[in-house]
Amino acid sequence: QVQVEESGGGFVQPGESLRLSCLVSGTSFDQFAVGWFRQAPGKQREMVAQIGFLGTTRYADSVMGRFTISSDIGKNTVYLQMDNLNSEDTAAYYCKYTASSSGDVWGQGTQVTVSA
């Protein structure tokens, strides 16, 4: 059974950085895709970044150049490095693991708050 767990959220001031981690257990990083999503209260959930098992990446226009998604295969972990954060980045961030055998598996979320 695949499980997903996010960590690394917190409270930061504008211009600072955070790195989120997504630990995937119960499977390997073979033929997978992992996406980071975020959702603020009262707003729709949006895709932030995605990475495939071959290392291909995609980013939302709003975070292009500021966020970087990467993976550590040995640790079954996907990271989201978030630089130059601003108030619009405040949201709950969720990790989603996708594979043909498991479908979509979501983590519980981690809160990111950016405020002066």
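As a basis for the values below, the full set of heavy atoms in this structure was taken, side chains included, without hydrogen atoms, waters or symmetry mates.
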Participant: Quick check: is Trp106 connected to Met47 through a chain of hydrophobic side chains (ILVMFWY, heavy atoms under 4.5 Å apart)?
Facilitator: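 As far as the 4.5 Å side-chain criterion goes, Trp106 and Met47 are connected within one cluster.
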
Participant: Roughly how far apart are Met82 CE and Asn84 CG, rounded to 0.5 Å?
Facilitator: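 That separation rounds to 12.0 Å.
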
Participant: Under the ring-ring contact (aromatic ring centres under 6.0 Å, His included) rule, collect the residues that match up with Tyr94, sequence neighbours excluded.
Facilitator: none

Participant: Are Val112 and Val4 joined in one hydrophobic group, where the rule is that I, L, V, M, F, W and Y side chains link up if heavy atoms are under 4.5 Å apart?
Facilitator: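 Yes, because Val112 and Val4 connect within a single hydrophobic cluster, where side-chain heavy atoms sit under 4.5 Å apart.
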
Participant: In chain order, what residues pass the side chain to side chain donor-acceptor pair (under 3.5 Å) check against Gln39, with sequence neighbours excluded?
Facilitator: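 For Gln39 the side chain to side chain donor-acceptor pair (under 3.5 Å) partners, ignoring immediate neighbours, are Arg45.
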
Participant: Under a 4.5 Å side-chain heavy-atom rule over Ile, Leu, Val, Met, Phe, Trp and Tyr, are Phe37 and Val2 clustered together?
Facilitator: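 As far as the 4.5 Å side-chain criterion goes, Val2 and Phe37 are not connected within one cluster.
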
Participant: Pairs in or reaching into residues 5-17: which pass salt bridge (charged side-chain N to carboxylate O under 4.0 Å, His left out), with residues at least two apart or in two chains?
Facilitator: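 Residue pairs passing salt bridge (charged side-chain N to carboxylate O under 4.0 Å, His left out), neighbours aside: none found.
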
Participant: Shortest non-hydrogen contact from Gly9 to Leu20?
Facilitator: N-CD2, 3.6 Å

Participant: For Glu46, enumerate each residue passing the salt bridge (charged side-chain N to carboxylate O under 4.0 Å, His left out) test, keeping only those at least two apart in sequence or located in another chain.
Facilitator: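 Applying salt bridge (charged side-chain N to carboxylate O under 4.0 Å, His left out) to Glu46 gives Arg38.
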
Participant: Counting the benzene-type ring for Trp, do Phe67 and Trp36 have ring centres under 6.0 Å apart?
Facilitator: no

Participant: Sequence neighbours left out, what passes side chain to side chain donor-acceptor pair (under 3.5 Å) with Thr98? Give chain and number order.
Facilitator: Asp104

Participant: Sorted by first residue and then second, give each disulfide (SG to SG under 2.5 Å) pair with at least one member in residues 38-116; sequence neighbours left out.
Facilitator: Cys22-Cys95

Participant: Please enumerate all residues that pass side chain to side chain contact (heavy atoms under 4.5 Å, CB included) together with Thr113, with sequence neighbours excluded.
Facilitator: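 For Thr113, the residues satisfying side chain to side chain contact (heavy atoms under 4.5 Å, CB included) (neighbours in sequence not counted) are Phe11, Thr90, Gln111.
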
Participant: OG1 of Thr110 to CG of Leu18: how many Å apart, nearest 0.5 Å?
Facilitator: 8.5 Å

Participant: Which pairs with one or both residues in residues 31-78 pass disulfide (SG to SG under 2.5 Å), sequence neighbours excluded?
Facilitator: none

Participant: Output the rest of the hydrophobic cluster of Tyr79: all Ile, Leu, Val, Met, Phe, Trp and Tyr residues reachable through side-chain heavy-atom contacts under 4.5 Å, sorted by chain and number.
Facilitator: none

Participant: Output all residues satisfying salt bridge (charged side-chain N to carboxylate O under 4.0 Å, His left out) with Arg66, sequence neighbours left out; order by chain, then residue number.
Facilitator: Asp89

Participant: Check Ala40 against Ala91 and note the closest heavy-atom contact, atom names and distance.
Facilitator: N-CB, 3.9 Å

Participant: In the single-linkage hydrophobic clustering (I, L, V, M, F, W, Y; side-chain heavy atoms under 4.5 Å), do Leu23 and Tyr97 co-cluster?
Facilitator: no

Participant: Tell me which donor-acceptor pairs under 3.5 Å the side chains of residues 51-64 have, and how far apart each pair is, sequence neighbours excluded?
Facilitator:
unit_1 : atom_1 : unit_2 : atom_2 : d
Tyr59  : OH     : Ile69  : N      : 2.9

Participant: Using the test side chain to side chain donor-acceptor pair (under 3.5 Å), find all partners of Asp83 that sit at least two apart in sequence or belong to another chain.
Facilitator: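 By the side chain to side chain donor-acceptor pair (under 3.5 Å) rule, Asp83 matches Ser17, Gln81.
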
